[in-house]
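For reference, the structure discussed in these notes is given below.
Atoms considered below: every heavy atom in the structure, side chains included; atoms not considered: hydrogens, waters and symmetry mates. Because the structure is predicted, anything quoted here is derived from the model rather than measured.
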Amino acid sequence: MRQPYNYNHQEWNAPKPRHLSLLEVALHWKTPIKQLFDLWSPLPNQGWKPCIDSADTPSLPERSQGYIQVFLDGGLNQQRMGICDAVAVAKILNATLVIPHLEVNPVWQDSSSFTDIFDVDHFINVLRDEVSIVKELPTEYSWSSREYYATGIRATRIKTAPVHASADWYLENVLPVMQSYGIAAISPFSHRLAFDKLPVEIQHLRCKVNFEALAFVPRIRLIGETLVNRLRDPSGKLQASGTAVLRERTDDTEKERAGKFVVLHLRFDKDMAAHSACDFGGGKAEKLALAKYRQVLWQGRVLNSQFTDHELRNQGRCPLTPEEIGLLLTALGFNNNTHLYLASHKVYGGEARISTLRTMFPLMEDKKSLASAIELAEVEGKASLMAAVDYYVSLKSDIFISASPGNMHNALLGHRAYLNLKTIRPNMLLLGPLFLNKTIEWSEFQHAVINGHKNRQGQMRLRKEKQSIYTYPAPDCMCRA
């Protein structure tokens with residue numbers, strides 16, 4: 001369990017822009033009309049379609065072998081994948097699945113339950129013909145609780161499930177426990193089912209859970225739809241700082257693009273910054289603070305810390321700063337007339353860290369700027385619910401881009417591929433060396449960025465062995481159209 005870390009002292013100096021020559025050009029860059037058109041055009045049909053139902057799917061057996069419980073670690077998107085795996089394991093074992101228990105995340109400190117986030121009735125109804133699911137255990141098994149397993153070694157708890165275990169492992173190790181006691185609880189349960197060598201119907205089921213059964217509760221959908229509508233129709237909701245610039249830049253192409261918006265998942269929280277072991281321009285105070293944070297959270301066990309900042313950036317292993325993601329977006333063709341939605345957990349450094357990005361994109365919005373305090377009251381202070389709202393808006397966006405890989409990036413990459421929606425994947429191996437080059441001119445930088453991202457905008461990528469089915473749904477859960 002991670003220990004809480006308090007940092008009330010001044011631990012970094014507000015960083016100045018680190019790429020001034022590029023920034024000066026970017027702030028006045030006028031995107032060519034053809035580039036704008038290509039950027040905002042939706043993906044063409046790629047010849048794939050969702051394919052998760054088959055005529056030979058085994059029907060639900062009359063008798064269950066027992067109850068299966070799982071306890072899920074991680075943040076929202078890691079838990080989401082765990083839920084999909086839990087349904088698949090229940091199918092493999094012919095078990096009745098108890099609605100999964102979501103553990104309190106030590107970083108997010110959010111105790112939201114499955115039913116706080118996901119529409120449980122929809123979940124059960126969509127899967128009713130494939131897996132038996134119950135909201136809670138019957139009275140005779142009510143002793144099988146989180147508290148029960150926290151106070152001692154229990155015969156019904158399986159805590160040895162290997163990462164990416166096979167279907168046979170569950171049949172050999174979990175099924176006998178369930179048959180003996182009528183119930184089996186697996187904890188921890190994260191990444192505990194293999195992606196390969198599973199029956200087609202199990203793979204189809206995992207995608208059916210992820211893309212159809214897991215719908216957010218109505219209040220999250222309502223807030224999300226409210227934000228989407230305001231992004232598509234701002235109704236004059238322009239920041240004063242950006243209004244004059246906007247009027248100067250309006251042209252026919254911009255009018256054609258009215259109503260479209262891009263979501264940027266700015267993954268730049270303190271955990272990310274510390275674990276990367278990179279330098280982000282906050283001076284000696286920031287370096288010392290991040291080193292101390294690494295020691296407290298991971299006892300210094302961070303592989304990257306043995307490399308220099310230059311080496312890490314050359315290898316594409318440093319998260320993009322808000323300034324760098326702004327330069328990337330501008331080079332790709334986004335401009336200061338772009339409606340940009342910022343999906344993010346707490347940004348390390350706060351507003352000072354993202355001020356350069358906001359200067360580049362004055363029409364940048366987030367949950368708090370688009371919705372009223374009353375509208376956000378039901379999700380405010382609950383990281384999982386806030387992340388669910390961001391996920392909903394991200395899925396509805398015309399273009400999605402994540403500053404750095406992670407669970408939300410991977411989840412949305414797969415979900416949007418399933419729906420054939422444009423998703424830009426930053427080329428970290430390209431960008432690291434580009435940002436290290438302090439003499440590079442804008443034309444060279446932009447040319448490299450455009451060429452390096454031509455095939456990273458949502459083109460279908462087939463899953464390879466050991467890769468996640470939730471990130472790459474084809475060919476397991478999609479068919480040739």
Gap separating the [atom1] atom of [X] from the [atom2] atom of [Y], nearest 0.5 angstrom:
X	Y	atom1	atom2	result
E441	Q446	CD	CD	13.0 Å
I440	L434	CD1	CG	5.0 Å
D196	D476	CG	CG	8.0 Å
Q46	R461	CD	CZ	12.0 Å
D116	L102	CG	CG	8.5 Å

(message) Test: disulfide bond (SG atoms under 2.5 Å apart). Region: residues 321-429. Which pairs qualify, not counting sequence neighbours?
(response)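 Matches after skipping sequence neighbours: none remain.
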(message) Once disulfide bond (SG atoms under 2.5 Å apart) is applied, what residue pairs with a partner in residues 289-340 remain, sequence neighbours excluded?
(response) C278-C318
(request) Answer yes if the side chains of Q69 and H101 hold a donor-acceptor pair under 3.5 Å, and no otherwise. (result) no
(message) Is it true that T439 and N437 share a donor-acceptor pair across their side chains at a distance under 3.5 Å?
(response)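 Yes - a donor-acceptor pair under 3.5 Å links their side chains.
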(request) Identify which one of L340, T423, L329, L266 satisfies the side chain to side chain contact (heavy atoms under 4.5 Å, CB included) criterion when paired with I401. (result)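 Considering L340, T423, L329, L266, a side chain to side chain contact (heavy atoms under 4.5 Å, CB included) with I401 is found only for L329.
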(request) Would you tell me whether C207 and C477 have their SG atoms within less than 2.5 Å of each other? (result) yes
(request) State which residues pass side-chain hydrogen bond (donor to acceptor under 3.5 Å, both in side chains) with S402; sequence neighbours excluded, sorted by chain then number. (result)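 Applying side-chain hydrogen bond (donor to acceptor under 3.5 Å, both in side chains) to S402 gives H265.
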(request) Going by the side chain to side chain donor-acceptor pair (under 3.5 Å) test, name the single residue among R232, H339, K260, R416 that passes it with S397. (result) R416
(request) Measure centre to centre between the rings of F280 and Y348, then say whether the value is under 6.0 Å. (result) no
(message) Taking the ring of W40 and the ring of F334, is the distance between their centroids below 6.0 Å?
(response)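 Close enough - the centres of the two rings lie under 6.0 Å apart.
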Give me the ring orientation class for [X] and [Y]: parallel if the planes are under 30° apart, tilted from 30 to 60°, perpendicular past 60°.
X	Y	value
H415	F211	tilted
W298	Y293	perpendicular
F216	F118	parallel

(message) Ignoring hydrogens, what is the shortest heavy-atom contact between A26 and M360? Give both atom names and the distance.
(response)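 The answer is CB-CE, 4.0 Å.
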(request) Could you pull out the closest heavy-atom pair between V209 and I83, with the gap in Å? (result) CG1-CG2, 4.4 Å
(message) Given the ring of F435, does R313 sit roughly above its face, with NZ or CZ under 6.0 Å from the centre of the six-membered ring and within 45° of the axis?
(response)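 No; the conditions do not both hold, so R313 does not lie above the ring face of F435.
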(message) With a sphere of 6.0 Å drawn around NZ of K34, does it hold more than 12 non-hydrogen atoms of other residues, nucleotides or ligands?
(response)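 No - once you tally the heavy atoms of other residues, nucleotides and ligands closer than 6.0 Å, there are 12 at most.
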(message) Does atom CD1 (I374) have a neighbourhood of more than 12 heavy atoms from anything else shown, all under 6.0 Å?
(response)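 Counting other residues, nucleotides and ligands, CD1 of I374 stays at 12 neighbours or fewer.
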(request) May I have the step-by-step check of side chain to side chain contact (heavy atoms under 4.5 Å, CB included) for H453 and R425, ending in yes or no? (result) CA-CA 8 Å; H453 290 83; R425 296 181 299 114; over 6 Å; no
